[in-house]
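All remarks here apply to the structure that follows.
Numbers restart at 1 for each chain; the letters A, B, ... are given by sequence-line order, proteins then strands.
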Amino acid sequence: MGVQGLLPFVSSASTEVSLEDYRGQTLACDASVWLHRGAISCARELAEGEPAVGFLRFPLRMIALLKRHGVRPLIVFDGGAMPMKARVDAARAADRESAKARGEFNKTVKITAAMTQQLIERLRQDGVEFVVAPFEADSQLAFLVQHGHAAAALTEDSDLLAYRCPSVLFKLSESGHARRITFAGLQHAQDSKGQLLFDGAWEGEWAAWEGGLFVAMCIMAGCDYLPSVPGVGVATAHKALRAGRTVERALAKLHSKRSGPPAPVAAEAYLLRALGL
DNA sequence: ATCGAGTGGATAT
DNA sequence: TCCACTCGAT
Ligand SMILES: [Mn+2]
(Lines give C-alpha, C1' and ligand atoms only; values in the text may rest on other atoms or scores of the structure.)
Protein backbone atom coordinates (compact mmCIF):
# COMPACT_ATOMS: atom_id res chain seq x y z
CA MET A 1 0.00 0.00 0.00
CA GLY A 2 2.56 2.56 0.97
CA VAL A 3 1.36 6.08 1.74
CA GLN A 4 -1.53 6.73 -0.63
CA GLY A 5 -0.96 9.78 -2.79
CA LEU A 6 2.45 10.64 -1.37
CA LEU A 7 4.50 10.23 -4.55
CA PRO A 8 2.32 12.55 -6.67
CA PHE A 9 2.25 15.00 -3.77
CA VAL A 10 6.06 15.31 -3.68
CA SER A 11 6.78 14.54 -7.32
CA SER A 12 8.17 18.04 -7.88
CA ALA A 13 11.11 17.02 -5.69
CA SER A 14 12.05 14.13 -7.99
CA THR A 15 14.81 14.27 -10.56
CA GLU A 16 15.75 11.98 -13.41
CA VAL A 17 18.90 9.95 -12.80
CA SER A 18 20.76 7.15 -14.55
CA LEU A 19 22.31 4.01 -13.15
CA GLU A 20 25.50 5.41 -14.65
CA ASP A 21 25.39 7.98 -11.86
CA TYR A 22 25.88 5.05 -9.44
CA ARG A 23 28.70 3.27 -11.25
CA GLY A 24 31.04 1.81 -8.65
CA GLN A 25 28.45 2.27 -5.89
CA THR A 26 25.95 0.03 -4.10
CA LEU A 27 22.19 0.18 -4.50
CA ALA A 28 19.95 -1.51 -1.91
CA CYS A 29 17.26 -3.22 -3.97
CA ASP A 30 13.72 -4.07 -2.85
CA ALA A 31 13.31 -7.70 -3.90
CA SER A 32 9.57 -7.94 -3.42
CA VAL A 33 8.39 -5.89 -6.38
CA TRP A 34 10.84 -7.67 -8.67
CA LEU A 35 9.58 -11.04 -7.47
CA HIS A 36 5.94 -10.03 -7.96
CA ARG A 37 6.60 -8.75 -11.44
CA GLY A 38 8.51 -11.90 -12.25
CA ALA A 39 5.74 -14.09 -10.86
CA ILE A 40 3.19 -12.61 -13.24
CA SER A 41 4.94 -14.38 -16.09
CA CYS A 42 3.99 -17.72 -14.57
CA ALA A 43 0.99 -16.75 -12.48
CA ARG A 44 -1.21 -19.65 -13.59
CA GLU A 45 1.42 -22.26 -12.86
CA LEU A 46 2.04 -20.81 -9.42
CA ALA A 47 -1.70 -20.59 -8.69
CA GLU A 48 -2.22 -24.24 -9.60
CA GLY A 49 0.78 -25.46 -7.69
CA GLU A 50 2.75 -26.53 -10.74
CA PRO A 51 6.53 -26.27 -10.63
CA ALA A 52 7.77 -22.98 -12.04
CA VAL A 53 11.02 -21.09 -12.18
CA GLY A 54 10.01 -18.38 -14.65
CA PHE A 55 9.51 -15.89 -11.83
CA LEU A 56 13.29 -15.75 -11.39
CA ARG A 57 13.89 -14.31 -14.81
CA PHE A 58 12.73 -10.75 -14.15
CA PRO A 59 14.69 -10.17 -10.92
CA LEU A 60 17.80 -11.71 -12.48
CA ARG A 61 17.43 -9.45 -15.48
CA MET A 62 17.18 -6.37 -13.25
CA ILE A 63 20.31 -7.45 -11.41
CA ALA A 64 22.07 -7.85 -14.75
CA LEU A 65 20.92 -4.35 -15.69
CA LEU A 66 22.55 -2.93 -12.58
CA LYS A 67 25.76 -4.86 -13.15
CA ARG A 68 25.90 -3.70 -16.76
CA HIS A 69 26.10 -0.16 -15.40
CA GLY A 70 28.78 -1.05 -12.90
CA VAL A 71 26.40 -0.92 -9.95
CA ARG A 72 26.74 -3.36 -7.06
CA PRO A 73 23.32 -4.74 -6.15
CA LEU A 74 22.49 -5.49 -2.53
CA ILE A 75 19.21 -7.40 -2.62
CA VAL A 76 16.90 -6.94 0.39
CA PHE A 77 14.20 -9.53 1.10
CA ASP A 78 11.15 -9.31 3.31
CA GLY A 79 11.52 -11.37 6.47
CA GLY A 80 8.95 -12.18 9.12
CA ALA A 81 5.36 -10.98 9.07
CA MET A 82 4.70 -7.76 10.98
CA PRO A 83 2.04 -8.33 13.66
CA MET A 84 0.83 -4.74 13.22
CA LYS A 85 0.29 -5.38 9.52
CA ALA A 86 -2.03 -8.34 10.11
CA ARG A 87 -5.08 -6.32 9.09
CA VAL A 88 -3.62 -5.49 5.66
CA ASP A 89 -2.21 -8.99 5.20
CA ALA A 90 -5.64 -10.52 5.85
CA ALA A 91 -7.30 -8.17 3.37
CA ARG A 92 -4.79 -9.11 0.67
CA ALA A 93 -5.29 -12.82 1.36
CA ALA A 94 -9.04 -12.36 0.89
CA ASP A 95 -8.43 -10.48 -2.37
CA ARG A 96 -6.27 -13.33 -3.63
CA GLU A 97 -8.98 -15.85 -2.82
CA SER A 98 -11.68 -13.99 -4.72
CA ALA A 99 -9.34 -13.48 -7.65
CA LYS A 100 -8.64 -17.19 -7.74
CA ALA A 101 -12.37 -17.90 -7.85
CA ARG A 102 -12.63 -15.61 -10.86
CA GLY A 103 -9.63 -17.18 -12.55
CA GLU A 104 -7.64 -13.95 -12.49
CA PHE A 105 -4.32 -15.58 -11.75
CA ASN A 106 -2.32 -12.37 -11.98
CA LYS A 107 -4.01 -11.21 -8.79
CA THR A 108 -3.48 -14.45 -6.92
CA VAL A 109 0.29 -14.08 -6.90
CA LYS A 110 1.80 -14.59 -3.48
CA ILE A 111 5.55 -14.69 -2.95
CA THR A 112 6.27 -17.71 -0.79
CA ALA A 113 9.30 -18.46 1.33
CA ALA A 114 10.17 -21.26 -1.09
CA MET A 115 10.24 -18.82 -4.00
CA THR A 116 12.40 -16.41 -2.05
CA GLN A 117 14.73 -19.30 -1.23
CA GLN A 118 15.07 -20.19 -4.92
CA LEU A 119 16.18 -16.67 -5.76
CA ILE A 120 18.58 -16.65 -2.82
CA GLU A 121 20.20 -19.84 -4.12
CA ARG A 122 20.78 -18.19 -7.48
CA LEU A 123 22.24 -15.12 -5.82
CA ARG A 124 24.65 -17.31 -3.88
CA GLN A 125 25.75 -19.00 -7.10
CA ASP A 126 26.16 -15.67 -8.85
CA GLY A 127 27.94 -13.99 -5.96
CA VAL A 128 25.25 -11.34 -5.54
CA GLU A 129 25.01 -9.94 -2.02
CA PHE A 130 21.72 -10.00 -0.17
CA VAL A 131 20.17 -9.59 3.25
CA VAL A 132 16.88 -10.81 4.70
CA ALA A 133 15.18 -8.10 6.75
CA PRO A 134 13.89 -8.95 10.24
CA PHE A 135 10.40 -7.91 9.09
CA GLU A 136 9.52 -5.64 6.18
CA ALA A 137 12.23 -4.79 3.67
CA ASP A 138 11.16 -1.13 3.77
CA SER A 139 12.86 -0.17 7.00
CA GLN A 140 15.89 -2.34 6.28
CA LEU A 141 16.42 -0.51 2.98
CA ALA A 142 16.22 2.84 4.76
CA PHE A 143 18.66 1.62 7.41
CA LEU A 144 21.20 0.49 4.83
CA VAL A 145 21.19 3.89 3.13
CA GLN A 146 21.17 5.82 6.40
CA HIS A 147 24.28 3.97 7.54
CA GLY A 148 26.16 4.25 4.28
CA HIS A 149 25.94 0.62 3.23
CA ALA A 150 24.24 1.73 0.03
CA ALA A 151 24.16 4.99 -1.89
CA ALA A 152 20.37 4.81 -2.40
CA ALA A 153 17.41 2.46 -2.16
CA LEU A 154 15.84 1.07 -5.32
CA THR A 155 12.13 0.40 -4.85
CA GLU A 156 8.58 1.41 -5.84
CA ASP A 157 7.42 1.92 -2.28
CA SER A 158 6.64 5.41 -1.01
CA ASP A 159 7.06 4.13 2.55
CA LEU A 160 10.80 4.61 2.10
CA LEU A 161 10.26 8.35 2.41
CA ALA A 162 8.16 7.89 5.55
CA TYR A 163 11.13 5.95 6.92
CA ARG A 164 13.30 8.98 6.13
CA CYS A 165 15.47 7.11 3.65
CA PRO A 166 18.02 9.73 2.51
CA SER A 167 17.87 8.76 -1.17
CA VAL A 168 15.31 6.66 -3.04
CA LEU A 169 15.13 5.63 -6.69
CA PHE A 170 11.68 4.90 -8.12
CA LYS A 171 10.43 3.63 -11.45
CA LEU A 172 13.60 2.16 -12.85
CA SER A 173 13.23 1.52 -16.58
CA GLU A 174 15.00 -0.88 -18.89
CA SER A 175 17.06 2.04 -20.14
CA GLY A 176 18.61 2.39 -16.70
CA HIS A 177 16.86 5.65 -15.84
CA ALA A 178 14.92 6.27 -12.64
CA ARG A 179 13.27 9.04 -10.61
CA ARG A 180 15.22 10.01 -7.51
CA ILE A 181 13.76 11.64 -4.42
CA THR A 182 16.11 12.55 -1.60
CA PHE A 183 14.77 13.30 1.86
CA ALA A 184 16.75 16.54 1.96
CA GLY A 185 15.33 17.47 -1.42
CA LEU A 186 11.82 17.53 0.04
CA GLN A 187 12.71 20.96 1.37
CA HIS A 188 12.26 22.24 -2.18
CA ALA A 189 9.09 20.33 -3.04
CA GLN A 190 6.42 22.60 -4.50
CA ASP A 191 2.68 22.50 -5.04
CA SER A 192 1.09 22.98 -8.45
CA LYS A 193 1.35 26.77 -8.06
CA GLY A 194 5.07 26.66 -7.38
CA GLN A 195 4.74 27.33 -3.65
CA LEU A 196 7.07 25.46 -1.29
CA LEU A 197 5.32 22.64 0.59
CA PHE A 198 7.63 22.22 3.55
CA ASP A 199 9.50 25.49 3.90
CA GLY A 200 9.01 29.23 3.92
CA ALA A 201 5.78 29.54 5.90
CA TRP A 202 7.68 30.37 9.09
CA GLU A 203 11.26 30.60 10.29
CA GLY A 204 12.74 27.10 10.48
CA GLU A 205 9.74 25.38 8.96
CA TRP A 206 11.79 22.79 7.09
CA ALA A 207 13.59 21.81 10.28
CA ALA A 208 10.19 21.04 11.80
CA TRP A 209 9.11 18.86 8.87
CA GLU A 210 12.47 17.12 8.83
CA GLY A 211 12.30 16.63 12.57
CA GLY A 212 9.00 14.78 12.64
CA LEU A 213 6.13 16.57 10.91
CA PHE A 214 6.76 14.77 7.63
CA VAL A 215 6.57 11.37 9.26
CA ALA A 216 3.46 12.47 11.14
CA MET A 217 1.88 13.55 7.86
CA CYS A 218 2.52 10.11 6.39
CA ILE A 219 1.01 8.36 9.40
CA MET A 220 -2.04 10.62 9.43
CA ALA A 221 -2.61 10.03 5.72
CA GLY A 222 -2.77 6.32 6.39
CA CYS A 223 -0.24 3.57 6.85
CA ASP A 224 -0.46 -0.22 6.81
CA TYR A 225 -0.27 -0.47 10.58
CA LEU A 226 -3.31 1.54 11.64
CA PRO A 227 -6.88 2.09 10.49
CA SER A 228 -6.78 5.42 8.72
CA VAL A 229 -8.81 8.43 9.74
CA PRO A 230 -11.69 8.77 7.24
CA GLY A 231 -11.43 11.85 5.09
CA VAL A 232 -7.80 12.62 5.90
CA GLY A 233 -5.26 12.14 3.14
CA VAL A 234 -1.86 13.62 2.48
CA ALA A 235 -3.14 17.04 1.51
CA THR A 236 -5.41 17.45 4.51
CA ALA A 237 -2.72 16.22 6.91
CA HIS A 238 -0.24 18.62 5.33
CA LYS A 239 -2.56 21.59 5.71
CA ALA A 240 -3.37 20.78 9.32
CA LEU A 241 0.29 20.35 10.26
CA ARG A 242 1.28 23.53 8.50
CA ALA A 243 -1.45 25.50 10.22
CA GLY A 244 -0.83 23.98 13.64
CA ARG A 245 2.96 23.70 13.38
CA THR A 246 2.86 20.84 15.88
CA VAL A 247 1.26 17.39 15.77
CA GLU A 248 -0.90 18.12 18.83
CA ARG A 249 -2.36 21.32 17.42
CA ALA A 250 -2.84 19.74 13.99
CA LEU A 251 -4.82 16.89 15.52
CA ALA A 252 -6.89 19.34 17.56
CA LYS A 253 -7.63 21.27 14.39
CA LEU A 254 -8.79 18.16 12.58
CA HIS A 255 -11.06 17.28 15.49
CA SER A 256 -12.68 20.70 15.60
CA LYS A 257 -13.43 20.74 11.88
CA ARG A 258 -14.69 17.22 11.82
CA SER A 259 -18.21 16.28 10.83
CA GLY A 260 -19.81 12.86 10.78
CA PRO A 261 -18.72 9.95 12.95
CA PRO A 262 -16.01 10.56 15.53
CA ALA A 263 -12.46 9.75 14.49
CA PRO A 264 -10.95 6.48 15.70
CA VAL A 265 -9.13 7.14 18.93
CA ALA A 266 -6.71 4.26 18.52
CA ALA A 267 -4.97 5.77 15.51
CA GLU A 268 -4.28 8.99 17.32
CA ALA A 269 -3.02 7.22 20.42
CA TYR A 270 -0.64 5.13 18.34
CA LEU A 271 0.52 8.16 16.41
CA LEU A 272 1.35 10.09 19.55
CA ARG A 273 3.14 7.10 21.03
CA ALA A 274 5.06 6.48 17.82
CA LEU A 275 6.25 10.07 17.89
CA GLY A 276 7.12 9.87 21.58
CA LEU A 277 4.60 12.52 22.58
C1' DA B 1 -9.83 20.47 -3.93
C1' DT B 2 -9.58 16.24 -1.81
C1' DC B 3 -10.60 11.52 -0.60
C1' DG B 4 -11.01 6.70 -1.30
C1' DA B 5 -13.00 2.83 -3.66
C1' DG B 6 -12.73 0.50 -7.75
C1' DT B 7 -10.20 -1.00 -11.82
C1' DG B 8 -6.11 -2.18 -14.31
C1' DG B 9 -1.37 -2.98 -14.43
C1' DA B 10 3.48 -4.93 -13.62
C1' DT B 11 5.55 -10.54 -17.57
C1' DA B 12 6.54 -11.25 -22.48
C1' DT B 13 6.66 -11.75 -27.46
C1' DT C 1 5.23 -5.98 -3.17
C1' DC C 2 3.24 -1.93 -4.84
C1' DC C 3 1.47 2.34 -8.30
C1' DA C 4 -1.54 5.14 -11.73
C1' DC C 5 -5.89 6.38 -13.25
C1' DT C 6 -10.91 7.40 -13.11
C1' DC C 7 -14.83 8.86 -10.98
C1' DG C 8 -18.54 9.65 -7.62
C1' DA C 9 -19.05 11.69 -3.07
C1' DT C 10 -18.11 15.45 -0.05
MN1 LIG D 1 5.76 -0.60 2.39
Side-chain angles (χ1 to χ4, degrees), chain A residues 1-11 14 28-47 52-62 65 75-82 85 88-89 91-96 98-99 102 104-113 115-116 119 132-133 135-141 153-163 168-174 178-179 181 191-193 195 197 217 220-224 227-240 242 254 257-261 263:
Chain A
M1 295 178 68
V3 180
Q4 244 67 358
L6 180 62
L7 290 183
F9 192 71
V10 300
S11 65
S14 74
C29 307
D30 190 339
S32 54
V33 166
W34 287 354
L35 278 166
H36 273 265
R37 289 174 67 172
I40 291 169
S41 71
C42 50
R44 186 193 59 80
E45 290 86 338
L46 290 169
V53 291
F55 66 89
L56 294 171
R57 194 170 0 142
F58 184 81
L60 292 174
R61 190 205 303 160
M62 297 308 278
L65 174 64
I75 313 301
V76 181
F77 292 92
D78 284 306
M82 272 283 279
K85 206 177 176 178
V88 165
D89 289 339
R92 285 180 177 170
D95 287 346
R96 284 195 296 271
S98 64
R102 282 178 278 117
E104 295 176 7
F105 297 121
N106 283 10
K107 302 197 178 211
T108 67
V109 168
K110 159 83 173 166
I111 304 304
T112 65
M115 293 165 68
T116 298
L119 180 53
V132 179
F135 295 99
E136 291 196 276
D138 308 24
S139 45
Q140 183 68 35
L141 289 160
L154 181 54
T155 183
E156 303 297 336
D157 189 353
S158 59
D159 281 335
L160 269 287
L161 295 175
Y163 284 120
V168 190
L169 308 189
F170 298 99
K171 308 182 200 317
L172 176 65
S173 70
E174 305 251 1
R179 304 291 307 180
I181 299 181
D191 64 18
S192 56
K193 298 176 211 160
Q195 300 299 305
L197 286 169
M217 179 184 79
M220 286 188 219
C223 68
D224 295 344
S228 63
V229 181
V232 176
V234 174
T236 302
H238 172 263
K239 279 181 189 164
R242 206 167 205 190
L254 286 176
K257 290 189 176 178
R258 202 178 158 72
S259 61

* Less than 6.0 Å separating the ring centroids of A:His238 and A:Phe9? -> yes

* Quick one: label A:Glu136 by what it contacts on the DNA or RNA (base, sugar-phosphate, nothing), any heavy atom closer than 4.0 Å. => sugar-phosphate

Look for any protein N or O under 3.5 Å of an N or O in nucleotides 3-6 of chain C and output each such pair with its distance, or none.
unit_1: C:dC3; atom_1: OP1; unit_2: A:Ser158; atom_2: N; d: 3.1
unit_1: C:dC3; atom_1: OP1; unit_2: A:Ser158; atom_2: OG; d: 2.9
unit_1: C:dC3; atom_1: OP2; unit_2: A:Met1; atom_2: O; d: 2.3
unit_1: C:dC3; atom_1: O3'; unit_2: A:Lys171; atom_2: NZ; d: 3.3
unit_1: C:dA4; atom_1: OP1; unit_2: A:Lys171; atom_2: NZ; d: 2.9

* Report the distance from atom CE of A:Met62 to atom P of C:dT1, rounded to the nearest whole Å. => 19 Å

* What nucleic acid atoms does A:Lys110 come within less than 4.0 Å of, heavy atoms only: base, sugar-phosphate, or nothing? -> nothing

* Side-chain N or O of A:Arg57 closer than 4.0 Å to phosphate OP1/OP2 of B:dT11 -> no

* **A:Ile75 side chain near A:Met62 side chain, heavy-atom distance below 4.5 Å** => no

* Asked: Taking atom P of C:dC2 as reference, at what distance in whole Å does atom CZ of A:Arg96 sit?
  -> 12 Å

* **Rounded distance in Å - CG (A:Asp30) to P (C:dT1)** => 10 Å

* Asked: CH2 of A:Trp34 versus P of C:dT1: gap in Å, rounded?
  -> 17 Å

* Send over the distance from A:Leu60 CG to B:dA12 C1', rounded to a whole Å. => 16 Å

* Asked: Under 3.5 Å, is there a donor-acceptor pair linking the side chains of A:Asp157 and A:Thr155?
  -> no

* Could you check A:Lys107 against A:Asp95 for side chain to side chain contact (heavy atoms under 4.5 Å, CB included), going step by step and ending with a plain yes or no? => CA-CA 8 Å; A:Lys107 302 197 178 211; A:Asp95 287 346; over 6 Å; no

* For A:Ser41, answer base if it contacts any base atom (sugar-phosphate contacts may also be present), sugar-phosphate if it contacts only those atoms, and nothing otherwise; contact means non-hydrogen atoms under 4.0 Å. => base

* Is the phosphate of B:dC3, meaning OP1 or OP2, less than 4.0 Å from a side-chain N or O of A:Thr236? -> yes

* Asked: Is A:Val76 close to A:Asp30 at the side-chain level, that is, under 4.5 Å between some pair of heavy atoms?
  -> no

* Spacing of A:Leu254 atom CG relative to B:dC3 atom C1', expressed in whole Å -> 14 Å

* **Phosphate-side-chain proximity, A:Arg61 and B:dT11, N/O vs OP1/OP2 below 4.0 Å** => no

* **Full working for side chain to side chain contact (heavy atoms under 4.5 Å, CB included) between A:Cys29 and A:Trp34** => CA-CA 9 Å; A:Cys29 307; A:Trp34 287 354; 3.7 Å; yes

* Distance, rounded to the nearest Å, where A:Asp95 contributes CG and B:dG6 contributes C1' -> 11 Å

* Nearest of B:dT11, B:dT2, C:dT1 to any side-chain atom of A:Arg37? -> B:dT11

* To do: Kindly indicate, with the supporting measurements, whether the criterion side chain to side chain contact (heavy atoms under 4.5 Å, CB included) is fulfilled by A:Ile111 and A:His36.
  => CA-CA 7 Å; A:Ile111 304 304; A:His36 273 265; 3.3 Å; yes

* Asked: Can you tell if the side chain of A:Leu35 reaches within under 4.5 Å of the side chain of A:Phe77, non-hydrogen atoms only?
  -> yes

* Looking at every strand, decide which applies to A:Asp138 at a 4.0 Å heavy-atom threshold: base, sugar-phosphate, or nothing. => sugar-phosphate

* Check whether any side-chain nitrogen or oxygen of A:Lys239 sits under 4.0 Å from OP1 or OP2 of B:dC3, and answer yes or no. => no

* Can you check the A:Met220 CE to B:dT2 C1' distance for me, whole Å? -> 17 Å

* Base, sugar-phosphate, or nothing: which does A:Val234 touch, judged by heavy atoms less than 4.0 Å apart? -> sugar-phosphate

